[in-house]
Amino acid sequence: MINAEDWKQEQDRLDLVMEKLQARITELEPEVTGLYEQVADIRKLFWQEVTVNTGTDEDFEETFYSIRQQEALLSERERSHRQRVQQWKNMKRLLASPYFGRIDFHEDGLSFSEQVYIGVSSFVDSDGMSFLVYDWRTPIASMYYDYSPGAAGYDTPGGNISGTMKLKRQYQIREGQLQNVFDTSLTIGDELLQQALGKGADNQMKSIVATIQKEQNSIIRDDNSRMLIVQGAAGSGKTSAALQRVAYLLYKHRERLRADQIVLFSPNPMFNSYVSTVLPELGEENMQQTTFQEYLDYWLGGTFRLEDPFDQIEYVLTEKSTQGYKARLNGIRYKASVHFLQALRNYAQCLELEGMRFKSIRFRNRDLITAKQMESKFYSYDPSIRMTNRIALLQEWLLHELTLLESKEREALWVQEELDYLDKDQYAEAYHKLHKERGVFDFAEQYEEAREMMNSKRRPDEGDFDYAEQEEELLRRMIVKEQFKPLKRSVKRMLFIDMVGLYVQLFENGAAFKKMMDEAEIPSLWPEICQQTRDKLSRLELFYEDATPYLYLKELIEGVRTNTEIRHVFVDEGQDYSMFQYEFIKKMFPRARMTVLGDFGQAIYTQSTELYGEDSPLIRLYGESETTLFHLVRSYRSTREIVEFTKSLLPNAKEIIPFERFGKKPLLTENGSVEQRVERMTKHLEALQAEGFVSIGVITKTAAESKEAYDLLTSLGCQGLKLVTKKTPTFEKGVLVIPVYLAKGVEFDAVLIYDASSQTYQRESERKLFYTACTRAMHRLLLYATGEWTPFIQALDTSLYEVEQ
């Protein structure tokens, strides 16, 4: 803490800033309202201010420039309004807590030190020159996160500025009142961080700009890497740092980067709601947020019923005793590998020579253009022409052929039958078109004539004979054209390619597949994998592990649907993606930089990718020279006791460093029956809620186990329980009963592991699943078992936990 005199100076300075802030807000409010009204008036009166006259070239030119002038005026007013509104929002955001940090910096060569106060937004004094508060993203503010008092410096577009940091100070300000002031060294606010972490979990992630650590700041401000990989321990602040990174990028590149040019791939839809408030808190718009499954559904959902990753992991966790299980696991691993990726590339090259499959274009139960004709035409093109270009040529040929066939079809018998059943509106449309072609403009008269002819069924007289023939020809054209529209539309969408057949073909001939690939790269049980895949495809269903390869093959054949607008791609829980999926993301967003965040200790999916280390295949995606690795080892989420317990569950987690926040040891409760276990859980839940914990997770292994836990706890009178499934849209406070794979990325005040017995967590492949479940806890971790404990607990030092008999 600081002395009384310094405290008074700080309070006086805070009062001055608050006064200036309030004055600026009061000044801006009428401007914001006035500009809004101006914009509304200009829009309303836009055409009243413009005289449209196109009588002469001069009149037309005058009209054009009049419109442009009004348009420019409207644009300028809208831009001014947006700027004023943004300033007003920034001031309102600062009002509760104008700043959280301060450094006194003496730049080399100058005779004075500058006091730099740092907050979530900049605030300039009325002179337009003096910064009362610096935005945390400004270059000078970076010293607050990176240096302790002493030699310091920061980078600017003009070069590095060096000097000496004389003071580093942190503040807690609530509703304009100074609560705490700390002079600190390198570590940002152990005191403030203790208080922030000691609070209860929330249903939405909060900004961490006041407590960003040095290693997190390096991640946030990295502006050179094409690929940024962050391997971080559970609770190390990976996601928080990534969201602050988005805010930093939008600030630094605000002239050329928009929020909609950034996309975040989240682990599940619920996680999207959990992080949705962070950027708005910092005055930025949210980036695009989606899940990889939603992306797959968008492109393939119209053709297949897709398995999602949660159904896949449910199969892996629950179906180990079923027939074909081992083959399915081998298939999941292989289809996620770079070997299968290369197999698809080889397959596409083979298709350039033979094996392409097409679907005949059928019309009224007959083939207009057969698949054989398409195949013959496709392979008639010069073999040196690329696959996608040959497909484009074939598409062009098909559209031309359909136009010719459409012309011939007008004389078919069915067309005459359609003519006999045309209604009045269709006759009127034909008359209008025909008379327009002949220069006749009295549509009302001609319509009445047409209606009279139709109603009376009279034949046209000799003078009308030529006209009647033209009318019938036009009607025939209209009828056939309407019928051929879906055919042409399907060709434009490339539905003439038998993509399902092409993917099935890959699994039909084992010898041909092995010919494309090195024998050593073919997985064991390949024939059984092929049969499983064919069976699934025959029902127009797709395994999750087949979705990305199918889409990738589709792109190799039809051409890549790249998105060149996206500039940054963020992948959270990156260890859960396969190398195949990373290659696909890179291909889909060719101009984007990628930030991957994850923890291989939480790699619970069969296709997981190692993120960190020299052997990580992810480094090869963009090459070592364009890839930067960060390894976060300090865990902030959980108390020291919980971190010591959880890190002992993994053999390679010894480097994890717990933050010095203390609490109770994990509590293990042994039970004689399921009924006794649920009774004890009920009592513990009541006690935890009485202590003030408002976010509690009852974490299970599977969805079926979640339903069982929810039903049993509810039957004993537990209040406010919420069952979380893969369809749950938002993360809420309360007692959530949730499978571990849906709890990834979120945290709870207290976690109850529903069943930590050897019956539930037995296999070595489930170790990381168990670790993931335990690391969701911030303050309390309680584990329950009926029978013997999981071997992961049995191997622990007994000093790491307490036991309740």
Side-chain angles (χ1 to χ4, degrees), residues 197-201 233-236 599 601-602 604 635-650 653 656-671 677-678 680-701 705-706 709 713 733-758 760-761 766-786 789-805:
L197 296 172
K199 294 179 181 178
S236 58
D599 175 16
Q602 300 178 63
I604 65 174
S635 179
Y636 299 97
R637 173 186 297 141
S638 309
T639 60
R640 183 182 185 87
E641 289 77 9
I642 293 174
V643 173
E644 293 292 356
F645 176 87
T646 55
K647 80 174 192 176
S648 298
L649 295 170
L650 297 181
I656 296 175
I657 303 170
F659 183 70
E660 293 299 309
R661 183 168 61 86
F662 297 93
K664 293 184 178 181
K665 291 181 181 181
L667 179 65
L668 276 59
T669 303
E670 298 174 349
N671 308 277
R677 180 178 68 190
V678 177
R680 286 187 170 181
M681 290 183 73
T682 302
K683 291 179 180 177
H684 288 157
L685 283 170
E686 291 173 354
L688 290 167
Q689 289 173 313
E691 283 188 60
F693 294 131
V694 295
S695 177
I696 302 173
V698 177
I699 299 184
T700 66
K701 180 180 174 183
E705 196 176 68
S706 283
L713 288 168
K733 289 182 180 180
V735 181
L736 305 187
V737 184
I738 182 172
V740 57
Y741 54 80
L742 290 179
K744 287 168 69 70
V746 297
E747 58 192 23
F748 301 92
D749 292 331
V751 164
L752 287 70
I753 304 297
Y754 178 70
D755 186 358
S757 70
S758 59
T760 299
Y761 293 99
E766 295 165 343
R767 180 183 291 274
K768 292 180 178 179
L769 194 74
F770 186 68
Y771 169 80
T772 301
C774 294
T775 55
R776 302 305 94 200
M778 293 179 65
H779 308 293
R780 297 288 179 81
L781 176 60
L782 299 86
L783 303 96
Y784 304 83
T786 303
W789 292 98
T790 169
F792 312 140
I793 288 180
Q794 293 183 41
L796 296 181
D797 188 321
T798 56
S799 66
L800 294 172
Y801 55 82
E802 295 178 349
V803 178
E804 181 183 69
Q805 298 295 336

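For the atom pair CD (E660) and OH (Y636), the distance works out to 11.5 Å, reported to the nearest 0.5 Å. Remark: S648 OG to I656 CD1 distance equals 9.5 Å, nearest 0.5 Å. The distance from atom OG1 of T772 to atom CG of D599, rounded to the nearest 0.5 Å, is 7.5 Å. The distance from the CG atom of L736 to the OG atom of S695 is 6.0 Å, given to the nearest 0.5 Å. With rounding to the nearest 0.5 angstrom, the CD1 atom of I604 is 5.5 Å from the CG atom of L769. Remark: T790 OG1 to E766 CD distance equals 8.0 Å, nearest 0.5 Å.
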Working note: V740 + I753, criterion side chain to side chain contact (heavy atoms under 4.5 Å, CB included); need CA distance, chi angles, decisive distance, verdict. CA-CA 9 Å; V740 57; I753 304 297; over 6 Å; no
From CA spacing to verdict: side chain to side chain contact (heavy atoms under 4.5 Å, CB included), L649, C774: CA-CA 10 Å; L649 295 170; C774 294; 4.3 Å; yes
Could you check M681 against T669 for side chain to side chain contact (heavy atoms under 4.5 Å, CB included), going step by step and ending with a plain yes or no? CA-CA 9 Å; M681 290 183 73; T669 303; over 6 Å; no
Before you tell me yes or no, could you show the steps for R661 and H779 under side chain to side chain contact (heavy atoms under 4.5 Å, CB included), namely the whole-Å CA-CA distance, both residues' side-chain angles and the distance that decides it to 0.1 Å? CA-CA 9 Å; R661 183 168 61 86; H779 308 293; 3.0 Å; yes
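Between V694 and D749, the shortest heavy-atom distance links the atoms N-OD2, 3.2 Å. Between S706 and T700, the shortest heavy-atom distance links the atoms OG-OG1, 2.5 Å. Of all non-hydrogen atoms in D755 and A785, the two that sit nearest each other are OD1-CA, 4.3 Å. The two residues I696 and F693 make their nearest non-hydrogen contact at CD1-O, 4.0 Å. For the residue pair K664 and E641, the shortest heavy atom distance occurs at O-CB, 3.6 Å. Across all their heavy atoms, I793 and A756 have their closest contact at CD1-CB, 4.3 Å.
When atom types are taken as modelled, the side chain of S635 and the backbone of A234 share a donor-acceptor pair closer than 3.5 angstrom. Checking side-chain atoms of R776 against main-chain N and O of K744 turns up no donor-acceptor pair under 3.5 Å.
Geometrically, R677 engages Y754 in a cation-pi contact, judged by NZ or CZ lying under 6.0 Å from the ring centre and within 45° of the ring axis.
Looking at residues two or more places apart in sequence or on another chain, you find no ring-ring contact (aromatic ring centres under 6.0 Å, His included) involving F645. Scored by the ring-ring contact (aromatic ring centres under 6.0 Å, His included) test, F792 finds no partners at all (sequence neighbours excluded). Partners of K647 by side-chain hydrogen bond (donor to acceptor under 3.5 Å, both in side chains), not counting sequence neighbours: none found.
Of the candidates E670, H684, E804, H684 is the only one forming a side chain to side chain donor-acceptor pair (under 3.5 Å) with Y784.
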